[in-house]
Asks: 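Take a look at the following structure, please.
Numbers for residues simply follow the sequence, beginning at 1. All ligand and atom numbering here is 1-based and tracks the order in the structure.
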Amino acid sequence: MAAAVFHQCIGAIQVHSCGTEKSGNSSLRFISRGFVIDCGLLRKGTCSSHQCKLHVIRASTSDASVMDPISSTSHNAIDSSENTSIETALILIRHGESLWNEKNLFTGCVDVPLTKRGVEEAVEAGKRISNIPVDMIFTSALIRAQMTAMLAMTQHRRKKVPIVMHNESKEAKAWNQIYSKETKKQSIPVITAWQLNERMYVWELQGLNKQETAERYGKEQVHEWRRSFDIPPPNGESLEMCSQRAVAYFREHIEPHLQSGKHVMVAAHGNSLRSIIMYLEKLTSQEVISLELSTGIPLLYIYKEGKFMRRGSPVGATEAGVYAYNRTLALYRQELDEMLH
Ligand SMILES: O=C(O)[C@@H](CO)OP(=O)(O)O
């Protein structure tokens, strides 16, 4: 049967495929590789190969990266037989120990790097997520979160290259373009956003020792500043104020990628992540007080049908003991094993 190449452009998905569908139809229905596509107007062309597979090139908002073949098969697929919807992985990691964590100083938005231990924590975090798909990485504008993301990715078995995207100016955006589709396929965009920065403790507390501050203002008062939802530290940000930027950014710039089938890692800070977890797990302002995040410990969520299910936080020493893998992740890991052996 003569194969024809159909180019359909539908919204965010451009499909180039060599269909064996009846030509001449004004509309076609593709059910393949996890996408149900009602094709609108068809433009026919000729296809050099009768065996070319369906290539889905996702023109998402921030990057027109070609989908990673091993993560585009059954890992976030709408399987028409089981009618399961897209499931994507969200990894949250608080940065590894910083030099001011080590000195027990209020840090907030002061841009301090990791300690040697913090570097080790970031590498250890990478081992724990080395079999979980990552298509995009978001970090804050602070070096301790960016270092953590990059160090963790050195352990990932897929060996893609995380590349910090620069769009702080027209030139920066133009000058960091990648002109090879193949190279782009082997890269992971890293987006930095100040909205994911740590809660701002401002000059009143930033740089002060936490223990000395508790002795000066009282343990309960300092705990209230550090962990309550709506009580700000003196002239600083409350967790509520921090969530108004961090959760807003997550919903506007990160969640749509999860919805579209991309697996995402977010490397940020104790409080900006507490505010995001409060949103993901629908915690009350009372419950969030007891939410604590250790440095460099990855948390895994599965996003499905608008909901986030926590799939584990590190309890076991080994990666296997850490996450309750679901089918999507198990298949990805299996294909990684096959690809690497
Ligand atoms: O100092 C800070 O910025 C934060 C995180 O390190 O400390 P706290 O635990 O008080 O929120």
Side-chain angles (χ1 to χ4, degrees), residues 92-122 124-125 138-149 151-152 192-247 249-250 266-281 283-299 313-314:
L92 303 180
I93 305 182
R94 180 185 176 195
H95 60 79
E97 181 195 64
S98 76
L99 283 164
W100 275 17
N101 290 149
E102 188 184 44
K103 296 174 185 306
N104 199 28
L105 303 180
F106 283 105
T107 313
C109 294
V110 178
D111 202 351
V112 293
L114 298 179
T115 60
K116 180 172 175 296
R117 180 168 165 223
V119 167
E120 289 158 3
E121 286 176 344
E124 173 59 27
F138 289 85
T139 75
S140 73
L142 302 174
I143 192 70
R144 56 189 186 269
Q146 295 172 9
M147 283 174 81
T148 300
L151 287 164
T192 62
W194 69 268
Q195 293 90 330
L196 298 175
N197 280 9
E198 180 53 295
R199 170 252 297 277
M200 196 252 294
Y201 269 120
V202 127
W203 59 88
E204 300 264 343
L205 291 181
Q206 283 175 182
L208 292 190
N209 179 283
K210 291 173 185 172
Q211 180 57 37
E212 289 164 13
T213 308
E215 285 155 13
R216 181 173 164 198
Y217 290 100
K219 219 166 145 205
E220 288 68 38
Q221 174 59 81
V222 171
H223 185 264
E224 197 173 59
W225 288 336
R226 291 179 63 188
R227 291 295 171 263
S228 71
F229 178 62
D230 50 5
I231 300 165
N235 294 316
E237 269 187 321
S238 65
L239 188 67
E240 183 176 25
M241 294 155 79
C242 178
S243 72
Q244 281 158 1
R245 56 178 168 84
V247 173
Y249 184 88
F250 179 89
V266 178
H269 304 264
N271 292 297
S272 55
L273 287 177
R274 285 177 68 233
S275 71
I276 291 172
I277 292 170
M278 183 176 183
Y279 162 68
L280 301 183
E281 301 194 14
L283 300 180
T284 65
S285 52
Q286 200 52 41
E287 289 167 329
V288 77
I289 291 174
S290 56
L291 176 61
E292 291 284 346
L293 294 182
S294 304
T295 51
I297 301 287
L299 302 183
S313 51

Asks: Should Ser98 and Arg144 count as side-chain neighbours, where that means a heavy-atom distance under 4.5 Å?
Replies: yes
Asks: At what distance is the nearest protein heavy atom to atom 3 (O) of ligand 1, and which residue and atom is it?
Replies: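 Here the nearest protein heavy atom works out to Gly108 N, 2.7 Å.
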Asks: I'd like to know if the side chain of Thr115 and the backbone of Glu97 have a donor-acceptor N/O pair within less than 3.5 Å.
Replies: yes
Asks: Just jot down the ligand 1 atoms closer than 4.0 angstrom to any heavy atom of Leu105, in number order.
Replies: 1 (O)
Asks: Check for me whether the distance between the ring centres of Tyr201 and Trp225 falls short of 6.0 Å.
Replies: no
Asks: Report yes or no: does Thr148 contribute a side-chain atom to a donor-acceptor pair with the main-chain N or O of Gly96 at less than 3.5 Å?
Replies: yes
Asks: Between Arg94 (side chain only) and Ile297 (backbone N and O only), is there a donor and an acceptor less than 3.5 Å apart?
Replies: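 Judged by distance alone, no pair lies under 3.5 Å.
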Asks: Under a 4.0 Å N-O cut-off, is there an ion pair linking Glu292 with Arg227?
Replies: yes
Asks: Evaluate Asn101 for polar contact with ligand 1, using N/O atom pairs at a separation under 3.5 Å.
Replies: yes
Asks: Does some non-hydrogen atom of Arg94 fall short of 4.0 Å from ligand 1?
Replies: yes
Asks: Can a non-hydrogen atom of Val110 be found less than 4.0 Å from any atom of ligand 1?
Replies: no
Asks: Phe106 versus ligand 1: do any nitrogen or oxygen atoms come within less than 3.5 Å of each other?
Replies: no
Asks: What protein heavy atom sits nearest atom 7 (O) of ligand 1, and how far away is it?
Replies: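 Looking only at protein heavy atoms, the one closest to atom 7 (O) of ligand 1 is Lys210 NZ, 2.9 Å.
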Asks: Could you check atom 10 (O) of ligand 1 against the protein and tell me its nearest heavy-atom contact, residue, atom and distance included?
Replies: Arg226 NE, 2.6 Å
Asks: Which residue and non-hydrogen atom of the protein lie closest to atom 11 (O) of ligand 1, and at what distance in Å?
Replies: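 The answer is Asn271 ND2, 2.7 Å.
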Asks: Does Arg216 pair with Glu212 as a salt bridge, N-O distance under 4.0 Å?
Replies: no
Asks: Name the closest protein heavy atom to atom 9 (O) of ligand 1, giving the residue it belongs to and the distance to 0.1 Å.
Replies: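 Residue, atom and distance for the closest contact: Arg227 NH2, 2.7 Å.
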Asks: I'd like to know whether Glu198 forms a side chain to side chain donor-acceptor pair (under 3.5 Å) with Ser272, so could you lay out the CA-CA distance, the side-chain angles of the two residues, the decisive distance to 0.1 Å, and finally the verdict.
Replies: CA-CA 5 Å; Glu198 180 53 295; Ser272 55; 4.7 Å; no
Asks: Among all protein heavy atoms in this structure, tell me which lies nearest to atom 5 (C) of ligand 1, with the distance rounded to 0.1 Å.
Replies: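 Protein heavy atom at minimum distance: Glu198 OE2, 3.3 Å.
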Asks: Starting at CG of Leu208, measure out to CG of Asn104 and round the result to the nearest 0.5 Å.
Replies: 11.5 Å
Asks: So is there a nitrogen or oxygen of Thr107 less than 3.5 Å from a nitrogen or oxygen in ligand 1?
Replies: yes
Asks: Counting heavy atoms only, which part of Tyr201 comes closer than 4.0 Å to ligand 1: side chain, backbone, both or neither?
Replies: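 For Tyr201, only side-chain atoms sit under 4.0 Å from ligand 1.
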